[in-house]
Every structure is written in structure tokens, then in C-alpha cells.
Amino acid sequence: MRIVLLGAPGAGKGTQCKRIAARFGLLHLSSGDILRQERSQETELGKKAQSYMDSGGLVPDEVIVEMMAGAISNAPLSGFVLDGFPRTVNQAAELDKSLSRAGQKIDAVLNLEVDDDAVAKRITGRRSCPECGAVYHIENLKPKVDGKCDNNDAELVQRPDDTLEVVKNRLENYYQQTRPVVDYYNANSQVCNIDSNRDVDEVTKLVIEKLESFASV
Ligand code: AP5
């Protein structure tokens, strides 16, 4: 299966993609995680992306398209779930072109819908593990021990772009540049909307049920 998960910042894309990948044996490809890894390794790509990410802007399409095409080409035959990509109509069209060259296509597009006022709370309360990437929330998804990762006891950290000011920019960019990607996929009746205002496990149930119905067709 080749799946795209769309949604505003903080909609729960990363949280749900990890669960989808585990359930269906897919590769989880998060453009944000790949960029953060490039930054921590101080690569040229990471340096190029830094200022865009810190201000909540989008990294230029040509950089992202090349980066994600490389990641997708290493995906297993079972497939992948894309998180944070495509984020512009141009990225979506380039993705379709490169999959089509390989005789492939996107099988399912899920759009996580969340209210704007929930976004700020989710993002400012997010904490993640710098070692294994596990994501928590100070109220909604607490670790067993306050401030420590359940998997390895590492000290949880807050992303530098998870401040209220940057969230405002990220949301503005979402409405201007990423929301039109939903219409792009809707033109082929590919989008399934999921209510992501519900609690995490309820959203997972909806997402998995939907994908199981696609898989059984
Ligand atoms: P990226 O890392 O992709 O950030 P984002 O899209 O803003 O998404 P988030 O990671 O903030 O949220 P999420 O939807 O994954 O939510 P999560 O599951 O963590 O991108 C970062 C930056 O990189 C961009 O701003 C841009 O600069 C650049 N970039 C990346 N991709 C790009 C591209 N394609 N083109 C150009 N630039 C690109 O959940 C959030 C919190 O809420 C967590 O604490 C979680 O525990 C909690 N939570 C999750 N679900 C629920 C729920 N149902 N109820 C309550 N709490 C919940």
C-alpha cells in the first residue's frame, strides 16, 4: 500500500503514521523527521532547511521533492506511508509523476481534520524523544515517568518550532499552500476525511478501519 496522510500541523499525522506503519508493515516516511535528522547531522541539506523550518515556512519544493524521491526509492515492496509530504500541489504532481515512471500510484489519501484551537494546545504540549523519536503530549499522551521516554528513559525535548508564534505561521502556510493538496487529490476522489478532534486511540481506530477496507478491495 502507498498511503498519503494529510493534515494541519499537530493534526496527529506522525502519531497515526507510526501506528499505520506498524499495523500494515509499511515504511513511515516523515519529511519533517528526515529534515530534522539532516539538521542534526549538519548536512548541506539540513543547513538549507534550517531557516525555513525555524520560522514555520516551507522548504523549497525542489529540495523536498529530490529528498523524498530518494527516500521513496528505498521503500520496501510492502509500501510506505507519507507524513508531511506532499505539502504543495507542485510536490503532489511531482510525486505522481515519479511514481508513474516506476509504474506505481498512491492507493489511499487520508486527511486528518482538526480544529485550529486544538492545534496550538497539541503543538505547544508536544514532547519527543531525541533518541527514538517517540512523541508524547504533556496532557493527552503522557509518558509513564514525567519528562522521560518510556522506551529508553531519555530526557524528552520540545521542538524549536513548537512555539505559539511559529505555530501561527505554520497554520497560515498550511491554509495557503497545503490545504489545496486536498483538492488536488479530491479531483480523483481519493481523499477520505477523518475526524482527528477525537482522542488518539479513537482516531487510530477510524484510520485503521478505513485502510483495512481499502486493503480488502
Ligand atoms: P513537520 O515535522 O512535518 O511538522 P507539521 O506538519 O507541522 O506536523 P507536526 O509534526 O507538527 O504534527 P503532526 O500532525 O505530525 O502531529 P503529531 O502526531 O506529532 O514539518 C516541520 C517543518 O519542516 C515544516 O514547518 C517545514 O518547514 C518543513 N517541511 C516538512 N515537510 C515539508 C514539505 N513537504 N515541504 C516543505 N517543507 C517541509 O501530534 C502533535 C501532538 O498532539 C503530539 O504531542 C501528540 O501526542 C498529540 N496528539 C496527536 N493526536 C492527538 C489526538 N487525537 N488528540 C490529542 N492529542 C493528540
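First listed ligand is number 1; within each ligand, the first listed atom is number 1.
Taking 4.0 Å as the cut-off between side-chain N and carboxylate O, Glu155 and Lys148 count as a salt-bridged pair. Between Glu209 and Lys205, at least one side-chain N (NZ, or NE/NH1/NH2) sits under 4.0 Å from a carboxylate O, which counts as a salt bridge. A salt bridge does not link Arg127 to Asp162: none of the charged nitrogens lies less than 4.0 Å from a carboxylate oxygen. Using a cut-off of 4.0 Å between Lys/Arg side-chain N and Asp/Glu carboxylate O, Lys168 and Glu165 are scored as not salt-bridged.
Within the structure, every pair that satisfies the salt bridge (Lys or Arg N to Asp or Glu O under 4.0 Å) test and touches residues 12-38, not counting sequence neighbours, is listed here: Arg19-Asp201, Arg23-Glu212, Asp33-Arg36.
Minimum heavy-atom separation, Ser55 to Val166: C-CG1, 3.9 Å. When all heavy atoms of Ser196 and Val203 are compared, the pair lying nearest together is CA-CG2, 3.8 Å. In terms of heavy-atom proximity, Ala120 sits nearest to Leu164 at CB-CD2, 3.9 Å. The heavy-atom pair separating Lys142 from Tyr136 by the smallest distance is C-CD2, 4.1 Å. For the residue pair Asn197 and Arg122, the shortest heavy atom distance occurs at CA-NH2, 3.9 Å. Nearest heavy atom pair, residue Gln158 against residue Arg126, reads CG-O, 4.0 Å.
Taking only non-hydrogen atoms, the option from Gln177, Arg87, Lys13 nearest to atom 1 (P) of ligand 1 is Arg87.
Residue Gly57 has at least one heavy-atom neighbour below 4.0 Å for each of these atoms of ligand 1: 25 (O), 26 (C), 27 (O). Within ligand 1, counting atoms from 1 as listed, the ones closer than 4.0 Å to a heavy atom of Gly14 are 13 (P), 15 (O), 18 (O). Proximity to Asn140 (heavy-atom distance under 4.0 Å) selects the following atoms of ligand 1: 55 (C), 56 (N). Per-residue contacts place Thr15 under 4.0 angstrom from the following atoms of ligand 1 (heavy atoms of the residue considered): 17 (P), 18 (O), 39 (O), 45 (C), 49 (C). Taking a cut-off of under 4.0 Å to the non-hydrogen atoms of Tyr136, the atoms of ligand 1 that pass are 43 (C), 44 (O), 46 (O). Close approach to Val200 involves these atoms of ligand 1, each under 4.0 Å from a residue heavy atom: 50 (N), 51 (C), 52 (C), 53 (N), 54 (N), 57 (C). Atoms of ligand 1 lying under 4.0 Å from any heavy atom of Ala8, numbered from 1 in the order shown and given with element: 14 (O). If you number the atoms of ligand 1 from 1 as listed, the ones under 4.0 Å from a heavy atom of Arg36 come out as 2 (O), 21 (C).
Residue contact annotation: Arg159 has a non-hydrogen atom under 4.0 Å from ligand 1. Using a 4.0 angstrom heavy-atom cutoff, Ala11 counts as in contact with ligand 1. Heavy-atom separations between Gly7 and ligand 1 are all 4.0 Å or longer.
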>> Please determine whether side chain to side chain donor-acceptor pair (under 3.5 Å) holds for the pair Tyr175 and Asp116, giving the CA-CA distance in whole Å, both sets of side-chain angles, and the decisive distance to 0.1 Å.
In response: CA-CA 11 Å; Tyr175 282 112; Asp116 286 357; 2.7 Å; yes
When the side chains of residues 70-86 are checked against the rest of the protein, which donor-acceptor pairs come out under 3.5 Å, sequence neighbours left out?
{"unit_1": "Ser73", "atom_1": "OG", "unit_2": "Gly70", "atom_2": "O", "d": "2.7"}
{"unit_1": "Asn74", "atom_1": "ND2", "unit_2": "Gly70", "atom_2": "O", "d": "3.4"}
{"unit_1": "Ser78", "atom_1": "OG", "unit_2": "Gly25", "atom_2": "O", "d": "2.8"}
{"unit_1": "Asp83", "atom_1": "OD2", "unit_2": "His28", "atom_2": "NE2", "d": "2.9"}

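Of the polar atoms of Asp161, none of the N or O atoms is found under 3.5 Å from an N or O of ligand 1, judged by distance alone. Inclusion of Gly12 in the set of residues having an N or O under 3.5 Å from an N or O of ligand 1 is warranted. Residue contacts with ligand 1: Gly84 is placed with a nitrogen or oxygen under 3.5 Å of a nitrogen or oxygen of the ligand (distance criterion only). The shortest N or O to N or O distance between Val59 and ligand 1 is under 3.5 Å. An N or O contact shorter than 3.5 Å links Gly10 to ligand 1 by distance.
The side chain of Gln91, and not its backbone, has at least one atom closer than 4.0 Å to an atom of ligand 1 (non-hydrogen atoms only; side chain from C-beta on). Residue Arg198 touches ligand 1 through its backbone alone, judged by heavy-atom distances below 4.0 Å. Contact annotation for Leu35 and ligand 1: only side-chain heavy atoms (C-beta onward) come within less than 4.0 Å of the ligand. No part of Glu202 comes within 4.0 Å of ligand 1, judged by heavy-atom distances.
Shortest contact from atom 42 (O) of ligand 1 to any protein heavy atom: Arg122 CB, 3.3 Å. Looking only at heavy atoms of the protein, atom 7 (O) of ligand 1 is closest to Arg170 NH2, 2.8 Å. Looking only at protein heavy atoms, the nearest one to atom 31 (N) of ligand 1 is Ser31 OG, 2.7 Å. Counting only heavy atoms of the protein, atom 9 (P) of ligand 1 lies nearest to Arg126 NH1, 3.3 Å.
Side chains of Asp96 and Tyr184: a donor on one and an acceptor on the other come within 3.5 Å.
Listed for the Asp115 side chain is no donor-acceptor partner under 3.5 Å among the backbone atoms of Ala118.
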